[in-house]
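Written out below as structure tokens is the structure these notes cover.
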Amino acid sequence: MTAASPRVGWNVAERSTPIRVLIAKVGLDGHDRGAKVLARGLRDEGFEVIYSGLRRTIDDVVSAAIEEDVDVVGCSILSGAHATLLPKLVAGLRAAGAGNVVVVAGGIIPEADRPSLHEAGIKAIFGPGTTIGEVAAFLRANVSAA
Amino acid sequence: MSAQPDHTARRALAQSISVVERGGAPADALIASALEHLRQAPPGAQPLVIGITGAPGVGKSSLVSALSDQARTQELRVAVLAVDPSSAATGGALLGDRVRIDERPDDAGRFVRSLATRGSGRALARAAAAASLLLEAAGFSLVFVETVGAGQADLGIARLADLVVLVEGPEGGDEVQAMKAGLLEAADLVVVNKGDRPGADAAAERLRSGLALGATPVPVLVTSALDARGVPELLQQIIAMGASRTADGRIRRIAAHLVARAEGRLAERIATADGDGTLATLARSVSEGEMPLTGAAETLLGDGRSA
Ligand SMILES: Nc1nc2c(ncn2[C@@H]2O[C@H](COP(=O)(O)OP(=O)(O)OP(=O)(O)O)[C@@H](O)[C@H]2O)c(=O)[nH]1
Ligand SMILES: [Mg+2]
């Protein structure tokens with residue numbers, strides 16, 4: 001393989017283009033270091049990463065996910081509002097006809113809250129200490145062929 | 001909570017842009033049907049496609065956001081194509097323009113899409129021309145195309161856009177730079193952004209005196225994307241210059257698409273020849289005097305069967 005035909009980040013058997021990921025930061029906190037590290041890391045893993053910036057609303061994120069036609073929305077939440085915001089995001093995507101978009105969350109989410117979030121359609125929750133490689137592997141395995 | 005905005009049309013458009021990004025027969029079919037739709041439509045005003053170019057960080061995205069808000073006050077339907085580079089090594093890309101472009105989820109008259117260059121090796125994505133044709137068919141009247149932050153000449157945007165706006169920062173714009181940089185040659189309009197900072201007016205003056213040496217006078221405006229100063233005037237200027245254009249923008253964009261498509265095929269051919277050893281074989285033949293340079297170059301360009 002030459003550099004002209006990169007393979008990393010592609011679901012090689014089925015896809016010919018990179019997986020597109022929207023990294024969204026919702027809630028009022030102004031910390032986006034983690035989100036930026038993830039965005040850069042996934043780029044280096046061969047993903048096309050759209051970064052939304054700080055303090056987006058759920059409606060903003062749904063609309064951006066639609067316009068960017070992403071395969072994945074990665075939502076970073078530090079403000080503790082995950083219990084209401086994350087299910088709203090999944091519901092918003094479904095209502096917009098984009099229920100196939102894989103929604104994953106990052107941030108500090110207590111163990112006790114996880115079952116209900118999974119039930120609401122959050123595919124994975126990546127706590128502190130998750131490596132970029134783990135996130136990338138999960139996304140490659142869970143995004144269906146385009 | 002507000003009513004759920006209707007995303008149906010937005011989603012269809014977004015998916016069709018993904019199809020043209022992937023290329024191949026499905027892309028050709030989509031573009032053909034968009035063109036058929038445009039042929040059937042009553043002849044109306046074509047959209048104005050505005051290229052926004054300039055060095056990294058001068059405020060292109062922020063300015064596009066402010067211009068879009070301004071255009072919406074005039075009921076113009078606005079779309080943005082924001083291009084950022086793909087990594088040649090991994091194929092990945094960090095598309096960060098959207099950070100600076102305000103989201104308006106309830107406004108169906110606005111559409112923003114990020115495009116990765118995906119191996120074009122240019123300041124534009126190969127799919128940009130095709131995407132702008134799809135946006136035209138979807139009824140947008142203003143289309144902003146933000147290129148990769150480029151400090152050097154990349155005239156691809158001049159092929160695609162009806163009007164090229166070069167954005168400068170308040171520090172830039174010395175005369176010599178103005179004369180030597182290829183980007184200035186392609187610019188129909190120059191904007192000194194970050195006008196809220198000291199030095200912007202002086203930079204504009206320097207640019208004006210540098211540009212005065214050229215054949216046609218290029219207007220130089222000062223804006224601030226932060227407080228929208230100068231933005232209404234800039235939009236007015238863009239629309240006025242757009243109204244006086246004579247060339248057929250649709251023909252221009254189809255031509256730009258044909259070029260992008262041909263470049264894509266050539267890149268594929270080179271990658272294949274690189275991968276299967278044909279390129280090395282050709283080079284060896286030239287080295288050993290078995291093949292003339294022209295013959296080898298033509299073989300690489302051609303279908304390879306003559307090799
Ligand atoms: N003071 C001031 N800052 C601005 C203005 N416009 C943009 N900025 C800031 O400049 C930085 C870069 O702005 P962008 O809009 O991302 O610039 P860009 O040219 O799109 O950048 P690239 O796409 O990375 O090349 C951001 O921090 C903006 O907030 C302005 O008019 N005044
Ligand atoms: Mg930008």
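Residue numbers begin at 1 in each chain, while the letters A, B, ... track the order of the sequences.
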Heavy-atom contact with chain A under 4.5 Å, split by part of B:I101: backbone

Spatial distance of atom CG (A:D69) from atom CD (B:E21) [nearest 0.5 Å]: 8.5 Å

B:R261 atom CZ, neighbour heavy-atom count above 12 within 6.0 Å: no

Nearest-0.5 Å distance that lies between atom CD in B:E103 and atom CZ in A:R56: 5.0 Å

Nearest-0.5 Å distance, OH of residue A:Y51 to CG of residue B:L94: 10.0 Å

Spatial distance of atom CD (B:Q15) from atom CD1 (A:I66) [nearest 0.5 Å]: 8.0 Å

From B:H7, B:R10, B:R11, residue fulfilling side-chain contact (heavy atoms from CB on, under 4.5 Å) relative to A:E67: B:R10

Pick from A:V49, A:L42, A:V61 with the largest number of heavy-atom pairs that fall under 4.5 Å of chain B: A:V49

Identified side-chain contact (heavy atoms from CB on, under 4.5 Å) partner of B:S114 from the options A:L22, A:I50, A:V70: A:I50

Distance, nearest 0.5 Å, that separates CZ of B:R104 from OG of A:S63: 11.0 Å

Beyond-backbone contact of B:L95 with A:R43, side-chain heavy atoms, under 4.5 angstrom: no

Structural part of A:A98 lying under 4.5 Å from a heavy atom of chain B: both

Modelled atom types, side-chain donor and acceptor of B:T90 and A:D44, under 3.5 Å: no

A:E48 CD to B:S87 OG distance, which is reported to the nearest 0.5 Å: 11.0 Å

